[in-house]
Number of protein chains: 2
Amino acid sequence: MIDNGFRATTVEAVLAASGTSKGAFFHHFASKRDLADALVTQYVADDLAMLEAGMTAAFEAGADPTSRAIAFLRYYEDLADEIMAGTTGCLYTSVLAEMELVDAATSDPITKAVVVWRERYAELLAAALGDRTDVDVDALSDHVFVTFEGAYLLARSTGDPGEMRRQLAVLRRLVEAVLR
Amino acid sequence: MIDNGFRATTVEAVLAASGTSKGAFFHHFASKRDLADALVTQYVADDLAMLEAGMTAAFEAGADPTSRAIAFLRYYEDLADEIMAGTTGCLYTSVLAEMELVDAATSDPITKAVVVWRERYAELLAAALGDRTDVDVDALSDHVFVTFEGAYLLARSTGDPGEMRRQLAVLRRLVEAVLR
DNA sequence: CTCGTTACAGACCGTTTGGTCTGGTACGAG
DNA sequence: CTCGTACCAGACCAAACGGTCTGTAACGAG
């Protein structure tokens, strides 16, 4: 955990934390932004892999569509705890806020990563819901994404790490009530 | 519309857009952050005033608790359009993302403003819901806040201004389904 | 009229920071 | 052994930017 925020995290700080030199860093990365791209790309891949594993488990357990959708939502609640606990790196969280808002010159890799991310989410949720066609899957999966980002910000603002899970739980309960 | 993001918005840009000089600026504001504090404070006040007016209107129209809660949610949908249309200034939107995430050294005025903001939201939503005690008001009002911030980020990421309203509508429909 | 104060204009400065450049070392190929 | 190449260390640089400082004009009070 170096410091928070892309801009607030100086290259020098990364060097100090990783114990490398400037020469080494810029030998492997063309720019600071290049590192961010690599981190985000890897984070997206890891996140999707974990989510997919979770969903596969739900399918194999023979859960019904509604339960599978709930499992989908629960995944984020658990992820929230992990993120707020700091196990996951600081550059990982709230990618949207970081990249889309902070830095005006958004790089293609990250924008594309977000697109892929959302598409896969929608696919997984659609698969989970199966024959339940009474739900706008795309809108709902995006909403999870939105809540995730917003909840992170609120948790940071209040200083209460539990706030993130709580907010995601609110969403889950709403969806639960609607689906049942 | 100068530029996006607190850090990305240079003082020079503000001067150019407002047609003033550096001397004038720093005569009125102690620092760049001071301007942000003032803007946020004013934005919160304006926002709350508008929301209160809307809720008062709903009460005077004799709407039932559920309808009043829906009116509460609809307020944000309309606000979303206004914000994405650019009528409202760029520094106004996504205060949380701006201040809590971007700049590590958060100033007291803004943190406090966010607290007041959320408290008042909760009060207004509680009043709207009236005798309906089957809802966790605090959690729900915070959830609106969360969705608002997250939806803004998504809209910025996708480049589609309509995305913000769409996401807020998803939340409203969920709440609608639960309340009815 | 004058003098103090407020309001402003804009040149200038110090720091921060991403990125470069020079020099050096390990090492595999021939 | 030698030479080319990948890898790395860290001094150095140039641009950006928030903030200061000097100078000046309006202007109300006495």
Side-chain angles (χ1 to χ4, degrees), chain A residues 1-43 89-114 156, chain B residues 1-43 89-114 156:
Chain A
M1 193 79 133
I2 302 158
D3 194 359
N4 288 104
F6 175 73
R7 231 156 163 151
T9 306
T10 67
V11 172
E12 306 272 356
V14 174
L15 300 181
S18 60
T20 51
S21 71
K22 215 160 206 178
F25 182 88
F26 282 102
H27 181 74
H28 291 287
F29 298 100
S31 66
K32 183 189 173 187
R33 170 60 79 133
D34 211 42
L35 169 67
D37 287 347
L39 284 173
V40 170
T41 303
Q42 195 190 317
Y43 174 51
C90 62
L91 261 173
Y92 288 173
T93 48
S94 199
V95 175
L96 275 184
E98 280 308 322
M99 299 304 154
E100 299 297 332
L101 189 69
V102 176
D103 214 316
T106 308
S107 68
D108 276 348
I110 292 179
T111 306
K112 278 177 188 157
V114 171
R156 284 288 305 275
Chain B
M1 194 79 134
I2 302 157
D3 195 0
N4 288 102
F6 176 73
R7 230 157 164 152
T9 306
T10 67
V11 172
E12 307 270 357
V14 174
L15 301 181
S18 60
T20 50
S21 71
K22 215 159 205 177
F25 182 88
F26 283 103
H27 182 72
H28 292 286
F29 298 100
S31 66
K32 183 190 174 186
R33 169 62 74 132
D34 210 42
L35 168 68
D37 287 347
L39 284 174
V40 169
T41 303
Q42 194 189 319
Y43 174 52
C90 61
L91 261 173
Y92 289 171
T93 48
S94 198
V95 175
L96 275 183
E98 281 306 324
M99 298 305 154
E100 299 296 332
L101 188 69
V102 176
D103 214 316
T106 310
S107 67
D108 276 347
I110 291 180
T111 306
K112 279 177 188 156
V114 171
R156 283 288 307 277

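The chains referred to below are lettered A, B, ... by the order of the sequence lines, with proteins before strands, and numbering in each begins at 1.
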A:Asp34 versus A:Phe29, closest heavy-atom pair with distance: OD2-CA, 3.8 Å
Inter-residue atom distance A:Leu15.CG - A:Phe26.CZ, 0.5 Å rounding: 7.5 Å
Nearest-Å distance for atom pair CG/P, residues B:Leu15 and C:dG10: 11 Å
Spacing of B:Phe25 atom CZ relative to C:dA9 atom C1', expressed in whole Å: 15 Å
Exam field: side chain A:Lys32 to backbone A:Thr9, donor-acceptor pair closer than 3.5 Å: yes
N/O donor-acceptor pair, side chain B:Lys32 with base D:dG19, under 3.5 angstrom: no
Nearest-nucleotide pick for B:Ser21, side chain only, options being C:dA9, D:dC7, C:dG19: C:dA9
Comparing A:Val11 and B:His28 on DNA chain C - which has the more 5′ nearest nucleotide: B:His28
Pairwise 5' ranking along DNA chain D for A:Glu12 and A:Thr20, keeping only the more 5' one: A:Thr20
Whole-Å gap separating P (D:dT22) and CZ (B:Phe26): 17 Å
Rounded interatomic separation in angstrom, taking CZ from B:Arg33 and P from D:dC17: 17 Å
Separation of C:dT22 P from A:Lys22 NZ (nearest whole Å): 17 Å
Between NZ on residue A:Lys112 and OG1 on residue A:Thr41, distance to nearest 0.5 Å: 11.0 Å
Which nucleotide in C:dA7, D:dC8, C:dG18 has an atom nearest any side-chain atom of B:His27: C:dA7
